[in-house]
There are 2 protein chains.
Amino acid sequence: MAERASRTVSAASIRNPVGRDGILDVAARLFREQGYGPVSLRKVAEAAGIKAGSIYYHFGSKDEIVVAILDAGIRAVHEKMRQAVLGHPDGAAAAAILRAAIRAHLRALLDVSDYSSANVRIFGQVPQSVRDANLPKRRAYEAEWDNLLTRLQKDGALRRNVDIRRLRLMLIGALNATLEWFDPERGSVEALASAYADVFLNGMLEQREV
Amino acid sequence: MAERASRTVSAASIRNPVGRDGILDVAARLFREQGYGPVSLRKVAEAAGIKAGSIYYHFGSKDEIVVAILDAGIRAVHEKMRQAVLGHPDGAAAAAILRAAIRAHLRALLDVSDYSSANVRIFGQVPQSVRDANLPKRRAYEAEWDNLLTRLQKDGALRRNVDIRRLRLMLIGALNATLEWFDPERGSVEALASAYADVFLNGMLEQREV
DNA sequence: GTCTATAAAGCGATAGAC
DNA sequence: GTCTATCGCTTTATAGAC
């Protein structure tokens with residue numbers, strides 16, 4: 001953007017230190033917007049207002065930046081989802097708990113965090129080594145869902161014949177896919193979450209008889 | 001694969017013309033396996049048994065190859081889905097029609113076509129101009145789903161309060177997401193399609209009373 | 001229809017000045 | 001903590017031989 005008057009030499013580096021977090025913020029935004037391939041370190045540096053070589057003071061490699069962003073993305077959505085579930089007592093209605101979890105995941109993805117959306121957008125595009133580095137955090141988030149779903153099934157709220165792993169993959173897959181088309185001008189995240197919960201909980205068919 | 005005995009000079013080019021379709025087949029498989037970014041024309045050429053420069057006899061650019069693959073991918077899944085729906089009379093049970101459409105989409109994606117799976121895998125990774133070129137075929141397939149869902153809703157089979165466009169985005173998004181984790185060794189496409197249809201049609205909650 | 005050779009551009013990464 | 005300059009590599013694409 002616009003530059004303030006320069007003083008002596010290398011003024012920007014004194015006035016406006018970008019730092020590790022600034023680089024990550026900018027990179028997460030670019031990855032969310034453009035995907036992994038088109039985002040070079042030169043683009044990240046330019047968007048952050050520094051030169052490409054300067055990035056290597058903070059990070060050892062491009063992969064190191066990507067892993068940091070992927071991990072932060074899972075952490076953000078995991079925390080939101082866990083808090084949403086913890087907000088309900090253990091005996092609360094299964095439908096209400098599931099609605100809250102679905103809503104929390106969608107809000108993290110579509111509203112809150114460039115890191116979470118960057119994670120979903122680029123995970124399938126990064127080198128295998130980067131995916132592997134992010135896997136433990138992914139597994140932990142998946143386990144959080146599996147624990148919730150297993151508990152609800154044991155309580156008799158979920159159909160006994162649904163496979164928990166497959167249901168979790170279906171849920172998270174469907175929620176993450178909204179990133180590709182969601183447009184806040186066509187409807188709120190809240191309305192989207194409510195509609196998704198309706199179908200997942202009760203199905204799309206008109207209920208005639210039981 | 002294996003080479004037959006060579007005759008004179010440039011034997012491969014005479015014995016084993018790869019041609020436009022051979023290049024597309026190989027490229028579709030590589031895109032499905034590796035995504036868009038890592039697949040260079042050199043890799044495609046090597047897998048096809050020719051040299052990179054030779055590709056430009058058949059195609060004007062890399063983008064032209066990618067567009068051809070994306071279009072063929074939509075065509076394949078669209079045909080399978082339409083045939084599955086046409087296999088049912090107009091008055092057939094809505095549940096049976098929807099199950100057939102879901103099954104057809106998943107089979108095209110996971111069983112049949114490298115082109116369909118490559119489409120889903122790389123669409124979000126290719127340049128905007130390539131996406132734009134593929135959009136008309138995408139829109140036509142989406143319209144096929146919208147027509148089906150609208151018809152079923154008018155017949156009273158689908159809940160009146162579900163938004164058709166959102167339901168279609170939810171369905172196709174959830175089905176496409178299976179590409180990221182489906183493993184035929186953990187369960188058949190048929191079983192997967194059946195389980196997805198169960199949840200989409202009737203929901204995951206145990207039905208107590210109506 | 002495929003080959004060889006190469007041009008032009010962009011990439012991740014490194015070294016050393018300030 | 002950032003800059004400049006550059007190395008080595010890969011990419012898409014082109015030109016001309018066979």
Side-chain angles (χ1 to χ4, degrees), chain A residues 3-4 6-27 30-31 34-69 122 125-130 133, chain B residues 3-4 6-27 30-31 34-69 122 125-130 133:
Chain A
E3 293 284 323
R4 272 171 284 173
S6 61
R7 302 289 156 127
T8 52
V9 284
S10 194
S13 61
I14 297 170
R15 270 196 275 102
N16 187 30
V18 176
R20 182 182 166 99
D21 289 350
I23 292 169
L24 287 177
D25 284 352
V26 165
L30 293 180
F31 283 136
Q34 305 181 29
Y36 176 74
V39 176
S40 64
L41 293 183
R42 283 170 169 80
K43 280 189 186 177
V44 172
E46 190 188 356
I50 60 177
K51 300 294 179 179
S54 309
I55 291 179
Y56 287 87
Y57 175 81
H58 300 281
F59 301 93
S61 69
K62 182 181 182 182
D63 284 357
E64 198 178 311
I65 296 176
V66 180
V67 170
I69 289 172
I122 73 175
Q125 309 178 19
V126 301
Q128 186 67 47
S129 59
V130 173
Chain B
E3 295 282 323
R4 272 169 285 174
S6 62
R7 303 288 156 128
T8 52
V9 285
S10 195
S13 62
I14 296 171
R15 268 193 280 104
N16 187 28
V18 176
R20 183 183 164 97
D21 288 350
I23 293 170
L24 287 178
D25 283 352
V26 165
L30 293 180
F31 283 136
Q34 305 180 29
Y36 176 75
V39 177
S40 64
L41 293 182
R42 280 171 170 78
K43 281 190 185 177
V44 173
E46 189 187 357
I50 60 177
K51 300 294 179 181
S54 310
I55 291 179
Y56 287 88
Y57 175 82
H58 300 282
F59 301 93
S61 69
K62 182 181 182 182
D63 285 357
E64 198 178 309
I65 297 176
V66 181
V67 170
I69 289 172
I122 73 175
Q125 309 178 19
V126 300
Q128 185 67 47
S129 59
V130 173

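Lettering of chains follows the sequences in order, A, B, ..., and the numbering in each one begins at 1.
Annotation for A:Lys43: atom NZ counts as buried by contact number, over 12 foreign heavy atoms lying within 6.0 Å. Annotation for B:Gln34: atom CD counts as buried by contact number, over 12 foreign heavy atoms lying within 6.0 Å.
Here the P atom of nucleotide D:dC3 and the CD atom of A:Glu46 are 12 Å apart, to the nearest Å. Atom CZ of A:Arg20 is separated from atom P of D:dT2 by 13 Å (rounded to the nearest Å). In this entry the distance linking OH of B:Tyr36 with C1' of D:dT11 reads 11 Å, nearest Å. Protein atom OH of A:Tyr57 is 19 Å distant from nucleotide atom P of C:dC18, rounded to whole Å. Taking atom CD1 on B:Ile50 and atom C1' on C:dT4, their separation rounds to 14 Å, with Å as the unit.
Closest approach of B:Gly19 to B:His58, counting heavy atoms only: CA-CE1, 3.6 Å. Listed here is the closest heavy atom pair of A:Ile65 and A:Ala27: CG2-CB, 4.1 Å.
Using a distance-only test at 3.5 Å, with no hydrogens or angles considered, no donor-acceptor pair links the side chain of B:Lys62 to the main chain of B:Leu41.
Contact of the B:Tyr36 side chain with the A:Gln125 side chain is not registered, since no non-hydrogen atoms from C-beta on lie closer than 4.5 Å.
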Which protein N or O atoms sit under 3.5 Å from an N or O of nucleotides 10-14 of chain C?
from: C:dC11; atom 1: OP1; to: A:Ser40; atom 2: OG; distance (Å): 3.1
from: C:dG12; atom 1: OP1; to: A:Lys62; atom 2: NZ; distance (Å): 2.9
from: C:dG12; atom 1: OP2; to: A:Leu41; atom 2: N; distance (Å): 2.9
from: C:dG12; atom 1: N7; to: A:Arg42; atom 2: NH1; distance (Å): 3.0
from: C:dG12; atom 1: O6; to: A:Arg42; atom 2: NH2; distance (Å): 3.2
from: C:dA13; atom 1: OP2; to: A:Tyr56; atom 2: OH; distance (Å): 2.7
from: C:dA13; atom 1: OP2; to: A:Lys62; atom 2: N; distance (Å): 2.8
from: C:dA13; atom 1: O5'; to: A:Tyr56; atom 2: OH; distance (Å): 3.3

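In the set D:dT4, D:dT2, C:dT2, D:dT4 carries the atom at the smallest distance from any side-chain atom of A:Lys51.
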